[in-house]
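Contents: one structure, followed by commentary.
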Amino acid sequence: MYLLPTWCYFLWNLRSQSPGVHDQGEGSLCLIGDSGTGKSHLLIALGTEAAMAGFRVKYVRATKLVNELVEAADEKLLTKTIARYGRVDLLCIDELGYMELDRRGAELLFQVLTEREEKNSMAIASNESFSAWTKTFTDPRLCAAIVDRLTFGGNIIETGTESYRLAHTKARAEQAQ
């Protein structure tokens, strides 16, 4: 499969560095594709492998992260929360682009990405192409800045449009006939 070499290259780059030490531009991975194309599985596998190699890893869905940031801001704990997300070696953000974020949520997420920029690795999974992210991040300038931070010198893998789950269901239905 064409995904494996790029994914392995990203993992190799992550493993070749000491935990907490990251070279500029080698720390991001964006998995882009339709639902059911394996993005979450790859993200979880990457996080698991990184954790097994001794890296500190945090996996979170984008909406949960944004909700946590909003609550932290309301409770005057935002600086500590952003710092906590900034300290992990690999932050895996899943389902980015599934839900529209209000301006405040998008700005808070931007702060986390900025805290991590060029310091620690990030991997994200999204069902939307970057050009469609203006539906998630309604401020075009903020959207452009987020895409810029996630893609600068990083790796982008397009997982395709054909759902593995749908293909599996269809194959099982054909076998039953």
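Values below: every heavy atom of this structure, side chains too, minus hydrogens, waters and symmetry copies.
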Polar side-chain atom of N120 near backbone of G86 as donor-acceptor pair, under 3.5 Å: yes
Step-by-step salt bridge (charged side-chain N to carboxylate O under 4.0 Å, His left out) determination, E107 to R103: CA-CA 6 Å; E107 288 172 349; R103 183 173 181 85; 2.9 Å; yes
Pairwise distance CG(L46) to CG(L29) - rounded to 0.5 angstrom: 6.5 Å
R141 CZ to T134 OG1 distance, which is reported to the nearest 0.5 Å: 15.5 Å
Expected output: side-chain K76 to main-chain A72 donor-acceptor under 3.5 Å: no
Side-chain donor or acceptor of R116 paired with backbone N/O of S121 under 3.5 Å: yes
Between CG on residue L109 and CD on residue E68, distance to nearest 0.5 Å: 12.0 Å
Mutual orientation of the aromatic rings belonging to W133 and F137 [parallel < 30°, tilted 30-60°, perpendicular > 60°]: tilted
Separation of E95 CD from K64 NZ (nearest 0.5 Å): 12.5 Å
Donor-acceptor contact present, side-chain D89 to main-chain V57, <3.5 Å: no
From Y85 atom OH to I93 atom CD1, the distance as rounded to the nearest 0.5 Å: 8.5 Å
L150 backbone acceptor or donor facing S28 side chain under 3.5 Å: yes
Y98 side chain to N127 side chain, donor-acceptor N/O pair below 3.5 angstrom: no
Flag, side chain of N67 to backbone of T63, donor-acceptor distance under 3.5 Å: yes
Salt-bridge present (E100, K135; N to O < 4.0 Å): no
Donor-acceptor under 3.5 Å (K39 side chain, T159 main chain): no
Reported CG-to-CG distance for the pair L101 and L69, which is rounded to 0.5 angstrom: 10.5 Å
